[in-house]
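Just below is one structure, and these are the notes that go with it.
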Amino acid sequence: MDTAEHIDEFESLFRKSEREHFVYKDQRLSSISLVTDQSAASGEDWKEDVKSFLSATARELHWTTLDQNSYSNVQDLLQKISNSRENIIVTWRNLGEEQLLPQHSLGVYVDVLTQVTDCPVLLLPGSAANPTPLNKQGCKNIMVATDHLAGDHRLVNMAIRVADSDAQIRLCHVEDDRVFERYVDAISKIPAINTDEARTTILEQLQKDAREYIDSVIEQTKASHPQLSVEGVVTQGHRVQAYKQLVELHNPDLLILNTNDGDQLAMHGIAYSLSIEIQNVPLLLL
Amino acid sequence: MSSSIASLLLLAETHLEPADFPMWITYLFTAILVAMIGTLAIEEKIHAKKSIIVGTYAGLCLVLATILGTALGIEILPFGEIELPDGHHVSIPVYIPGVDWGVITIILGASLFVEVTSRSGIFTWMAIKLTKKTSGDPWKLLISYGVLTVLFSAMLNNVTAMIIIGSLTSVSLTKLNRRDLLLGFLLVEGLLTNVGGLLTLISSVPNIIVGKAAGIEFVKFFLVASPYVVVSTIATLFMAKWRFGIKGFDNDIARDHARELVNSFDENESIPSKTFFWTAVAILVLFVLALAGQTSLPWGLDQLGMGFVALFFAGVMLLAYKHEVNKFYSAVDWDLLAFFTGLFAVINVMEHTHVLDLIGQGIAALLTLPQATASALLLSSSAIASSVTDNIPLAAMLAKILASPSMNTPGDSPFWWCVIFGSNLGGNITPIGSASTVVAMTIIHRQKLDMSFMGFVAAAVPFAIMQIGLAILYVELAF
């Protein structure tokens with residue numbers, strides 16, 4: 001073993017010793033804006049439904065409704081939202097695109113809102129043209145889905161913030177087996193690396209990071225929110241299918257996803273796919 | 001070393017005296033020796049390992065000495081049988097008796113022992129535990145890493161110490177978002193490995209070679225070296241604090257944030273088994289005690305030597321991995337061991353061609369000066385020579401010269417310590433001066449930090465001057 005290999009060995013050992021602990025931070029929410037392409041009266045009806053749904057936070061929020069007469073295009077809506085400095089935007093897929101059928105996208109309004117503004121977007125079930133009624137019993141069963149759970153404090157903190165006091169939060173981490181297999185295939189062509197050993201150790205390490213993070217979330221929430229129940233699911237598979245199966249299995253009231261992928265302008269790939277595939281569950285896009 | 005000297009003295013009776021020996025042969029081999037040292041100085045540039053360089057010169061020396069001896073009808077190399085202590089005669093190759101197998105076994109045993117012991121996680125555990133104790137405060141981190149570098153250099157070897165502490169420094173300062181301090185930390189750690197390498201008889205190869213030649217025992221070595229190591233470490237740390245502007249926290253927010261970050265390290269992560277961990281701790285303590293008391297071992301066990309102690313404890317640790325010992329054998333620095341074997345063969349030829357006598361005459365002239373001046377000159381010239389080439393050939397040659405019958409340097413002479421201090425501390429002047437500064441530069445470049453050869457010299461020379469100055473003062477005061 002030469003010096004560079006030795007240095008790398010010890011750097012790996014020390015990096016392996018690093019734990020990504022969950023850091024609880026109270027997500028301050030003060031205002032919420034419901035954006036609809038319907039009339040003001042229809043917006044008011046939906047406002048009451050959303051208040052029931054977000055019962056843990058709704059009472060303390062300042063509500064505004066932007067109906068079909070409040071904006072004329074995306075730029076106009078963005079301007080209004082940035083002026084009012086909202087904390088959460090509530091809206092539907094394919095806003096203002098009633099005439100565009102079939103609808104296999106989120107629509108230009110949601111695309112821009114999730115990427116240009118910093119505030120979370122609560123996407124209500126169905127689409128603007130065909131909205132699905134909301135569960136008015138509140139957020140008792142929340143699922144947080146990500147392909148990089150460790151260190152994603154914002155997702156977990158938001159889940160805690162919107163959850164009912166006795167809710168169950170399920171943290172889900174799925175390693176994409178297609179991406180993983182592509183790397184293993186490359187490794188299998190490198191004689192210096194033992195393929196079986198690499199497959200096992202890399203997968204173990206990837207899942208270990210997520211598991212340890214979930215453990216630290218459980219430990220923290222036991223102290224700060226003892227009535228909340230937190231559990232984790234760490235698995236491997238085709239990500240969209242795996243998350244769809246998890247949603248079908250656990251039937252969450254709310255699914256929380258990360259949409260910002262570094263400095264990319266487009267929405268994070270997995271979040272976009274899930275937002276289109278899973279239309280019957282409210283999605284909170286961060 | 002003493003056995004090889006004895007056998008050489010035995011054979012010296014059949015040799016020509018230096019006065020009758022053709023001087024041009026001595027000059028020719030002196031030129032070869034200079035060329036070898038010069039080649040070692042540029043080993044990084046020519047991308048050749050030490051063992052290959054020295055092995056090539058060893059082969060050249062042996063072939064040339066044999067051909068010249070045959071052609072001129074003189075016996076340059078002592079071919080023939082050698083006599084064992086029990087009176088038996090054995091025939092072994094001419095280049096074998098010149099190798100100091102005591103040194104080779106110490107290095108082999110100690111490196112195997114360290115390799116297996118480090119698998120217990122003990123060293124990484126210590127390093128992470130100490131990191132957490134500092135709460136991420138930069139000044140406390142520098143002190144902790146500095147002290148740990150010195151201790152690891154003393155307990156392990158300076159290369160392993162630099163690898164462990166340098167790796168942790170890179171990871172922890174990155175975690176703390178203080179990469180601006182990384183260059184200063186790595187540089188100081190590199191410099192402290194050579195200070196820590198002075199602490200015990202087995203901490204560095206020059207210590208082993210010179211200590212063995214002078215007959216300095218483990219405990220005596222530690223007692224003489226430790227006051228200097230303590231003072232020099234403290235001085236180096238304060239100088240680094242000033243030079244690199246390393247300060248402690250001055251507000252609670254920064255302190256709390258850093259504490260939170262370093263607390264995310266888990267010191268138990270690298271411990272594969274608690275049982276193995278505590279076994280390794282116990283055996284490490286026993287190993288140090290056995291080395292310290294080696295000359296007082298009962299039932300004649302002291303005669304087995306320090307190399308046997310190192311090999312014995314390495315064997316005990318290997319029992320924990322008895323099915324996968326190959327992994328540890330492959331981790332041994334065979335280049336270093338082959339380098340030593342070749343080096344001893346070269347020095348043996350140099351002795352028979354009277355090159356060492358020639359150098360010895362120069363050193364003898366130096367040593368006739370008043371002791372204080374002679375010590376200062378010997379120490380500083382050893383340091384300068386060690387800064388541009390490997391310190392091991394220098395230490396091996398000077399040890400052989402000081403131990404030669406013509407010099408007959410007593411074991412309590414300060415000159416031995418001048419060679420020890422000079423050859424170790426000289427490694428701090430340039431990045432190629434010692435193996436651990438080479439490692440420090442490797443980590444610096446891996447971390448994409450900007451540090452050239454001359455940049456290192458400019459940053460390190462003030463530290464080296466201070467450390468060498470302290471060493472000269474210490475030798476003057478202590479002897």
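So that the names make sense, note that chain A is the first sequence line, chain B the second, and so on, each numbered from 1.
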Name the region of [X], side chain, backbone, both or neither, that has any atom closer than 4.5 Å to a heavy atom of chain A.
| X | answer |
| --- | --- |
| B/S170 | side chain |
| B/E267 | neither |
| B/N268 | neither |

- request: Take A/R19 and B/N263, measure what side-chain contact (heavy atoms from CB on, under 4.5 Å) needs, and give me the verdict at the end.
  value: CA-CA 9 Å; A/R19 295 272 178 278; B/N263 278 343; over 6 Å; no

So does [X] have more than 12 non-hydrogen atoms from other groups sitting under 6.0 Å from [atom1]?
| X | atom1 | answer |
| --- | --- | --- |
| A/K208 | NZ | yes |
| B/D450 | CG | no |
| A/K25 | NZ | no |
| A/E181 | CD | yes |
| A/I190 | CD1 | yes |
| B/I52 | CD1 | no |
| A/H238 | NE2 | yes |
| B/F453 | CZ | yes |

query: Given the options B/I443, B/V438, B/V159, which has more heavy-atom pairs under 4.5 Å with chain A than any of the others?
result: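 The answer is B/I443.
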
message: Looking at every non-hydrogen atom in both residues, tell me the closest pair between B/F265 and A/F14 and how far apart they are.
response: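 For B/F265 and A/F14, the tightest heavy-atom pair comes out as CE2-O, 3.7 Å.
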
field: Heavy-atom closest contact (B/S167 atom, A/I7 atom, distance)
entry: OG-O, 3.5 Å

query: Are the side chains of A/H21 and B/E260 in touch, meaning some heavy atoms are under 4.5 Å apart?
result: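 SC-SC contact between A/H21 and B/E260 ruled out.
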
query: Considering only heavy atoms from C-beta outward, does the side chain of B/V171 approach that of A/F10 to under 4.5 Å?
result: no

Salt-bridge contact A/R15-B/E269 (side-chain N to carboxylate O under 4.0 Å):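 Answer for the salt bridge query: no.
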
message: Taking the basic N atoms (NZ, or NE/NH1/NH2) and the acidic carboxylate oxygens, is any pair closer than 4.0 Å for A/K16 and B/D266?
response: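 Judged by the 4.0 Å cut-off on N to carboxylate O distance, A/K16 and B/D266 do not form a salt bridge.
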
field: Euclidean distance, B/S264 OG relative to A/E18 CD, rounded to 0.5 Å
entry: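 Interatomic distance, A/E18 CD to B/S264 OG, rounded to 0.5 Å: 5.5 Å.
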
